[in-house]
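In what follows, residues are counted from 1 in the order of the sequence shown. Note that this is a predicted model, so its numbers are computed, not measured.
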Amino acid sequence: MTVSVGDVLAVLEAAYPPATAESWDAVGLVCGDRREAVSRVLFCVDPDESTVDEALEVGAQLLVAHHPLLLRGVTGVPADHPKGALVHRLIRGGVALFTAHTNADAADPGVSDALAAALGLVVTGPLSPAPARELDVLATYVPVERAQRVLAALHAAGAGAIGDYRDAAWLVDGVGQFRPVGGANPAVGEVGSLERLPETRLEVVLDRRRRADVVAALRAAHPYEEVAFNLNEIADVPSRTGIGRVGELAEAEPLRVFAQRVADALPATAWGVRAAGDPERPVRRVAVCGGAGDGYLSAAVQAGVDAYVTSDLRHHPAGEHLARGGPALVDVAHWAGEWPWCGQAAGIVRDALGGTVDVLVSTRRTDPWTVGVTTEDGGR
């Protein structure tokens, strides 16, 4: 079986839908041809000189990275520019580059699920849930012989789309009745007479943003002068997707022990792992956020966790957070906190394609910090 770059990307795009990426993000195929054959895929956090070297050395035809190479708008990729040089090397070496960034952060499972699993947490939900999709449900009543025509119009207007399914509906036949009165111009029946006839009840779900289009389509396709319908808003259902995750350890342990757990679970870096809070504070309920997560400190407080694990925490926000009685903080190197995702993404491709391609996880440490210095007395 020949597997193409497009086959692998279809798996990745299903797991990490590009549409869920933040508006400022740049995800997807950076360079390469979806039609080209692929037998080996390398997964990494950063598409830099080191991981491009590795992709070429191991004979990969596709490099899958978490961080975008070209996040900011560019007008060219000249070979004498650092990022342009990488694009040229990839193309010349026959290696496609694909990135999954904030769409992988928000996915279920996603970046933070991989981090939580590495720490031995049982995930209970997202730290900052993605906004729930706002849905309506519309029910209407149509003469049996016209039901399929009206249903087709509703579907064409966008109703009946649920997840990966389209043209969804609920139909049941019954008997409807009405009496046209003065001024009516009924399509069925006569003014003053009670009319009873077989009708089909149609019920469809629709995105609330499509409400006006769907109701207009209903009125246009329905044979009746006065169209009877109910339109109700569906209550929000908590989302399983979103940024960060909340989970629990099997048993509580002191912060100092938990910080060591984090250090043991992640690849070593010069940055290491540092924790803020009472070293003896019991930790069981934990929030994690792969990547820079100080924007979710308040979410961690609201989640009622004992500790929050993330990266790139700043001095003042961290100090103010602790002063307000927030959960303990564990700060890890950005690269290390996102590296477990590489194994997750590789596993998804391996399982979906039945082992028809080799999947490798990069062993190159692309954390930019190379020297970490401490003393026994803390530098005093």
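Without hydrogens or angle criteria, H155 side chain to A161 main chain gives no donor-acceptor distance under 3.5 Å. In this structure, N232 contributes its side chain and V137 its backbone to no donor-acceptor pair below 3.5 Å. Not one N or O on the side chain of D367 forms a donor-acceptor pair closer than 3.5 Å with the backbone of T269. At distances below 3.5 Å, not a single donor-acceptor pair connects side-chain atoms of T200 with backbone N or O atoms of A147. Counting only distance, with no hydrogens or angles, the side chain of R208 and the backbone of L135 share a donor-acceptor pair below 3.5 Å. Judged by distance alone, the side chain of E54 and the main-chain N or O of T363 form a donor-acceptor pair under 3.5 Å. Side-chain N or O atoms of Q61 include one that pairs as donor or acceptor with a backbone N or O of R40 at under 3.5 Å.
Crowding of E49 atom CD: a count of heavy atoms from other residues, nucleotides or ligands under 6.0 Å not exceeding 12. Within a 6.0 Å radius of CH2 in W341, more than 12 heavy atoms belonging to other residues, nucleotides or ligands are found. The environment of CD in E190 is sparse: at most 12 heavy-atom neighbours from other residues, nucleotides or ligands sit within 6.0 Å. The neighbour count for E226 CD, taken as heavy atoms of other residues, nucleotides or ligands under 6.0 Å away, does not exceed 12. No more than 12 heavy-atom neighbours from other residues, nucleotides or ligands sit within 6.0 angstrom of CD on E251.
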**Message:** With side chain to side chain donor-acceptor pair (under 3.5 Å) as the criterion, how do S50 and D53 come out once you've worked through the C-alpha distance, each side chain's angles and the decisive distance to 0.1 Å?
**Reply:** CA-CA 5 Å; S50 176; D53 284 344; 5.8 Å; no
**I243 and L127: CA distance, side-chain angles, deciding distance, side-chain contact (heavy atoms from CB on, under 4.5 Å) verdict** = CA-CA 6 Å; I243 301 301; L127 173 62; over 6 Å; no
**Prompt:** Passes side-chain contact (heavy atoms from CB on, under 4.5 Å), D136 versus E233? Steps please.
**Reply:** CA-CA 4 Å; D136 292 343; E233 296 183 356; 3.5 Å; yes
**Item:** salt bridge (charged side-chain N to carboxylate O under 4.0 Å, His left out) assessment of D113 paired with R245
**Value:** CA-CA 7 Å; D113 292 281; R245 293 294 183 266; 3.0 Å; yes
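Inter-residue side-chain proximity for L197 and E199 is flagged as met; some heavy-atom pair is nearer than 4.5 Å.
Taking 4.0 Å as the cut-off between side-chain N and carboxylate O, R210 and D213 count as a salt-bridged pair.
How far CZ of R314 is from CG of D331: 12.0 Å, rounded to the nearest 0.5 Å. Rounding to the nearest 0.5 angstrom, the gap separating the OH atom in Y308 from the SG atom in C289 is 4.0 Å. If you take CZ on R285 and CG on L249, they are separated by 11.5 Å, rounding to the nearest 0.5 Å. With rounding to the nearest 0.5 angstrom, the CZ atom of R133 is 12.5 Å from the OG1 atom of T241. L138 contributes atom CG, which lies 10.0 Å from atom CZ of R211 (distance to the nearest 0.5 angstrom). Here CZ of R365 is found 13.0 Å from CH2 of W339. Values are rounded to the nearest 0.5 Å.
Here ring-ring contact (aromatic ring centres under 6.0 Å, His included) pairs that include residues 200-227, with residues two or more places apart or in two chains, are F178-Y224, H222-Y224.
Residues D48 and T51 bring a donor and an acceptor atom of their side chains to less than 3.5 Å of each other.
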List the atom pairs, donor and acceptor, that lie under 3.5 Å between side-chain atoms in residues 4-13 and the rest of the protein, sequence neighbours left out.
{"unit_1": "S4", "atom_1": "OG", "unit_2": "G6", "atom_2": "N", "d": "3.3"}
{"unit_1": "S4", "atom_1": "OG", "unit_2": "D7", "atom_2": "N", "d": "3.1"}
{"unit_1": "S4", "atom_1": "OG", "unit_2": "D7", "atom_2": "OD2", "d": "3.2"}
{"unit_1": "D7", "atom_1": "OD2", "unit_2": "S4", "atom_2": "N", "d": "2.9"}
{"unit_1": "E13", "atom_1": "OE2", "unit_2": "R34", "atom_2": "NH2", "d": "3.0"}

